[in-house]
Amino acid sequence: MENRKAKLITGGTLIAGGLLISGNLQAEELFQANDLGSGAEVRAELLKSERSVINGLELTCGESEEASTEASCGEGSCGEASEEAAAEHSCGEGSCGEANEEAAAEHSCGEGSCGEASEEASAEEHSCGEGSCGK
Amino acid sequence: MALRESTAKAQSSFADYCRTGETSGIEGAREDRISQYRRLVFSVVQNALNTAYPIVQKKYMSKEDWESLQHRFFSNHPCSDPQIWRMPSELIEYVEQQESELCSKYPALLDLLRFEWQETYLFMMPDLELPHHSNHCPSLSDKVVLEQEMQLLPLKYPVHNTHPSKLKEAQAGQYISMAWRDREKRHVHFMGISVFFALVLENLNTSDITLLEAGKKVALQFGITTDHWKEELDKFVAKLHQKHLIFKA
């Protein structure tokens, strides 16, 4: 573990009263704190019209039910995924297993291998940093 | 071992071809074969970008504009990171510096790219040790310890809580996406918070002061004259403590 203090603000600066400029700041806006949920939940919400159920970014480590929705892989393997479920999952350094339809076309591995895929998911469409792409 | 000059030149030309698709007389290369390399390399880049920015890709930009941007990015931007998963972060820098026309067409593009990258960044970031702290919820008179695996992202458009199709109607302003990585499950979570709270957290992170002192400072900046903010700050701190994001020092 590194022991250093993280920079809290990224990609810009905060201006006190930045919203006041717009002239319609309400008390509830001034003190709002709305829980948006996990990354997978936020994505599902923002992609809602097409995808009512998205299993999330960090799909599949191990075999538990919970893992199949939001487990994370640092350097692990991603198991079988189907259709859109795999669309938004990423692995640091892992291997992605069997996938079908558009799934494999959209997931990527840092340094892994992509396994069997079918239909649209031709080998040239899925990506591996330093791995092998399956059939 | 140093490469021969001719080999290095051929490698460099080949790399240029893979990025731009423009051949510049690579010795011994066959047109019908060399194109396969560009197709495969670009596919890797395209997949990495699509995976990193699914909302931009699927819901915000047109297919043509997104694909065209991917081509321009890969052709013109000298990607420097050897790790493929980091490469999409360079798209943000590229768009900011080189794609002003596209940003006019898609005003929330930069915000959406930054917002989507925030999750990947936090998910993959190195572990940061939490400083020594008690497990109690701090009161306003206490100094605090903040979760270090946490980030505040200032946004001009509310991309974190607005469907991309509605962003054209969204009012530009200052919004904050707060994100953190859960220390047990390692999931990244999000909360939309006000600038007031964001500034309080920033003050706590940069200065050795109590919650009350931080709150007073920000209330003054906002020109708030009543004490209502203290009650609201108290509620906010309790909420953060429930999520293990703030502790009494």
Side-chain angles (χ1 to χ4, degrees), chain A residues 1-22 27 29-43 45-50 57-58 70-72 74 87-92 105-111 124-130, chain B residues 39-40 43-44 47-48 50-52 54-55 58-59 83-85 114 118-120 123-124 126-129 146 148-154 160-161 163-165 171 173-174 176 185-199 201-202 205 218 221-223 228-229 232 236 239:
Chain A
M1 277 204 170
E2 291 183 31
N3 188 11
R4 60 185 168 87
K5 198 167 190 178
K7 188 182 169 195
L8 189 59
I9 295 176
T10 182
T13 51
L14 293 174
I15 306 162
L19 280 173
L20 288 170
I21 294 164
S22 66
E29 291 177 68
L30 188 58
F31 300 118
Q32 72 167 353
N34 301 322
D35 216 339
L36 301 173
S38 69
E41 287 164 341
V42 172
R43 226 179 355 269
E45 195 62 33
L46 296 180
L47 294 171
K48 210 171 189 176
S49 62
E50 276 181 12
L57 175 71
E58 301 92 23
E70 287 194 273
S72 62
E88 274 83 54
H89 78 257
S90 65
C91 309
E106 294 180 327
H107 70 250
S108 69
C109 306
E111 298 177 4
E124 66 270 21
E125 286 178 323
H126 59 242
S127 66
C128 307
E130 299 176 9
Chain B
R39 184 175 58 78
L40 289 167
S43 175
V44 171
N47 274 314
N50 289 346
T51 304
I55 300 170
K58 295 188 178 84
K59 288 288 169 184
Q83 291 181 286
I84 188 74
W85 73 267
R114 287 186 178 126
Q118 189 179 28
E119 182 179 7
T120 307
F123 181 68
M124 298 297 283
D127 293 347
L128 294 177
E129 203 166 310
L146 292 176
Q148 294 297 291
E149 294 176 2
M150 176 166 78
Q151 204 181 55
L152 302 181
L153 177 65
H160 56 310
N161 59 12
H163 193 276
S165 62
Q171 189 177 22
Q174 192 166 209
I176 311 293
K185 295 184 177 175
R186 318 305 285 172
H187 300 164
V188 177
H189 293 264
F190 291 88
M191 191 188 282
I193 66 169
S194 67
V195 179
F196 181 91
F197 288 146
L199 282 167
L201 292 176
E202 174 64 357
N205 194 52
V218 179
Q221 285 177 286
F222 274 79
H228 179 57
W229 63 267
E232 295 292 342
F236 177 62
K239 195 171 188 173

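Order of the sequence lines fixes the chain letters, A, B, ..., with proteins taken first and strands second; residue numbering starts at 1 for each chain.
The closest donor-acceptor contact from the side chain of B:Lys58 to the backbone of A:Leu47 lies at 3.5 Å or more, if one exists at all.
Put simply, the side chain of B:Pro164 reaches to within 4.5 Å of the side chain of A:Leu46, judged on heavy atoms. Here the side chains of A:Asn34 and B:Met191 are not in contact, with every heavy-atom distance at 4.5 Å or above.
Heavy atoms of B:Phe190 lying under 4.5 Å from chain A belong to its backbone as well as its side chain. The contact between B:Glu232 and chain A is made entirely by side chain atoms (from C-beta outward), counting heavy-atom distances below 4.5 Å.
Put simply, NZ on A:Lys7 and CD on B:Glu202 are 9.0 Å apart, with the number rounded to the nearest 0.5 Å. Atom CZ of residue A:Arg43 and atom CD1 of residue B:Ile55 lie 6.5 Å apart, to the nearest 0.5 angstrom. The line from CG of A:Leu8 to CG of B:Leu153 is 11.0 Å long, rounded to the nearest 0.5 Å. Atom CD of residue A:Glu45 and atom CG of residue B:Asn161 lie 10.0 Å apart, to the nearest 0.5 angstrom.
Between A:Phe31 and B:Phe197, the ring planes are tilted. Angles from 30° to 60° get that label.
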